[in-house]
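What follows is a short report on a single structure.
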Amino acid sequence: MRTHWCGELRPAHAGQRVAVCGWVHRRRDLGGLVFLDLRDREGVVQVVCTPQQPAHAAAQQVRPEYVVRVVGEVVIRPPHTVNPKIATGEVEIRAETLEVLNPSRTPPFEVADGDDVDESVRLRYRYLDLRRERMQRNLRLRHRLAKATRDFLDREGFWEVETPHLIRATPEGARDFLVPSRLHPGKFYVLPQSPQLLKQILMVAGVERYFQLARCFRDEDLRADRQPEFTQIDVEMSFVDRDDVLSLVERLVGYLMREALGVDVPLPFPRLSYRDALLRYGTDKPDLRYGLTIDDVTEVAKAAELRLFREAEAVRCLRIPQAASASRREVEQWVTLAVEAGAPGVLHLALQPDGPKGPLAKHLTDGLLDSMRAATGAREGDLLLFVAAAGDVASAALGKIRQQVGAQRGLAREGTFAYAWVVDFPLLEWDDQEGRYVAVHHPFTAPVDEDVDLLESQPLRVRAKAYDLVLNGVEVAGGSIRIHRRELQERVFRLLGIGPEQAQERFGFLLEAFQYGAPPHGGIAFGFDRLVMVLAGEDTIRDVIAFPKTASAVDLMMGAPSEVDEAQLREVHIAVRKPAAP
RNA sequence: GGGGGCGUGGUGUAGCCAGGUUAACACACCGGCCUGUCACGCCGGAGAUCGCGGGUUCAAAUCCCGUCGCUCCCGCCA
């Protein structure tokens, strides 16, 4: 039907008689002469229809998004008519015949231009939205990243193994999507939140190196970076320690960046401890495209003539270079951010040429000022923001400001990619709601060897062999080395308040498997959609998913979820109980 | 579950704060003219019960209440 893609034609094709197919991108009817821009997946090419050819009459009937087939000769454009804006701009097709393969209704929005259209309209007509250049670019990038992932991991000896979508509910974690069983009245499968337990069993099964582009399902509220179903690059390896996994992932990411984007990222990635990340950036997923670090000035601040400082649990300081002259409004807006993040308040100190200014100025002796400068590296012209509070709260609040300043000042430049590892997460945290310790990562994460002795005495100080990969402030991957010995697993379960019977009931199949020779193992899972999102320069994963759901988890094109026939419900033994009308 | 933003011809917006013209503009659409355009141009035309429901008022796109949809955030997401 076609001999060439529209978008591939170049001067080298001149003189060839070609057949191209695609959608009418735009039509310019000059009366005697009709120009069509014809678009396919690979790009746009100009078609000229002159009155001497049959194509001319057909071209007058044609409208945007008509599907057509054009046969004609590729010719070099006269020099003054070259269009440098498109890749095919040096040539055009002199149409002989133009065949309408299918007409189109007038589309609800213009496919040809990239103007913003309300997202609900885009989603309702997703097939039109996906025709647009930006979405085609995103789909192509996503494909390339998936392909490169498979190529790389295959070469590294990984097997892609599929795991079931209909599995057993295992409590803890996100809310499950339920699937009723027709054959077993009253029983349910659930859709996997991730293949976590299955990939660990594959290690017991001697697969040694597993990966999967795995679809995961979580019935939780949505966000710009969260959909109810999403894709992970799921990886698990046997006979490895932490650095083996990190090194593999670094090489994988290096390969992806080169193959899909032509970008060389420096390896290895910087590593931050969880503690340092919280202290220096106020978050466990810092955007390292820019500096702007937070300093702990608790000791220095004790010398201030200010009870607030002397008695504070911690005093933390964010230095914003060359911001001493920031407007009052701007500073106030930063303060608001910090207060919303839990800071009791923010004190600022502007290092003006004629001396320090701000509410702190009068409480500072010269000596104190010098030690503040030393602690923060501050120079004249800088603005220092102080928060006195519990350390985590102070840093988190300043971290919000840091993020805002990074965005406002364009420090987070698009097209730059800063990867970093965050390591040494705590194994456990205290959950007030549940009144017990919960696993920060998951219950099978191994503690750091030298901390194992602290498990019972100081559980909150035990670090985990867990790691997150952060890209431009987005958590794109997370994983851990797993516990593979029964007695250690039992100690961790005990800390989590999971008794032997409970453990048996919830994870019995895994624990049983572990009794038959589980190798040391560990792995990682990428949030593939998030990775593609950041690399595509998009702000939401909806823009890198072909058919995403709205914030209320609705598919506007298909109209899902929907009611189903009574007969279908009966078959799966479901009686619907709707919430009472208000 | 809670908080914020948005909702006006097909699309994107203005008008709303301060109620009162025939609801304006751009693009798209329809018709006409046009042989080198490429966001073609020029001339003409059609197209909106201002998300929905209620209230206040002589009068509501505009004010008030409720509701629905989209969206961002908090909670939630081991």
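Reckoned from all heavy atoms, side chains included, excluding hydrogens, waters and symmetry mates.
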Quick check: do A:L469 and A:W421 have side-chain heavy atoms less than 4.5 Å from each other? yes
Strictly by Watson-Crick or wobble contacts shorter than 3.5 Å, is anything paired with B:G1, and which nucleotide is it? B:C74
Between B:C63 and B:A14, how far apart are the two P atoms, rounded to whole Å? 15 Å
In whole Å, what separates the P atom of B:C64 from that of B:C6? 13 Å
Is there ring stacking between A:F35 and B:U37, where the centres must be under 5.5 angstrom apart and the planes under 30 degrees? yes
Say we look at B:U57 and B:G19: how far apart would their P atoms be, to the nearest angstrom? 16 Å
Please check: side-chain N/O of A:D37 versus main-chain N/O of A:H25, any donor-acceptor pairing under 3.5 Å? no
NA contact type, A:R482, heavy-atom cut-off 4.0 Å: base, sugar-phosphate, or nothing? nothing
Is atom CZ of A:R215 surrounded by more than 12 heavy atoms (other residues, nucleotides or ligands) closer than 6.0 Å? yes
Just call it for A:E65: base, sugar-phosphate, or nothing, with non-hydrogen atoms closer than 4.0 Å on any strand. nothing
Determine the sole option in A:V423, A:V422, A:V249 for which the side-chain contact (heavy atoms from CB on, under 4.5 Å) test with A:Y467 is passed. A:V423
Where A:V470 and A:P286 come nearest, the two heavy atoms and their spacing: CG1-O, 3.3 Å
Could you tell me whether the phosphate oxygens of B:C72, OP1 or OP2, come under 4.0 Å of any side-chain nitrogen or oxygen in A:R542? yes
Considering only atom P, compute the distance from B:C29 to B:A39 and round it to an integer number of Å. 16 Å
Strictly by Watson-Crick or wobble contacts shorter than 3.5 Å, is anything paired with B:C25, and which nucleotide is it? B:G12
I'd like the C1' distance from B:C30 over to B:C38, given in whole Å. 23 Å
Please report the distance separating the C1' of B:G41 from the corresponding atom of B:C34, rounded so that it comes out in whole Å. 8 Å
Grab the N/O contacts between the protein and nucleotides 2-9 of chain B below 3.5 Å, and write none if there aren't any.
none

Euclidean distance for C1', B:G54 against B:A60 (whole angstrom): 13 Å
Please measure how far the C1' atom in B:U8 lies from the corresponding atom in B:U62, and state the result in whole Å. 11 Å
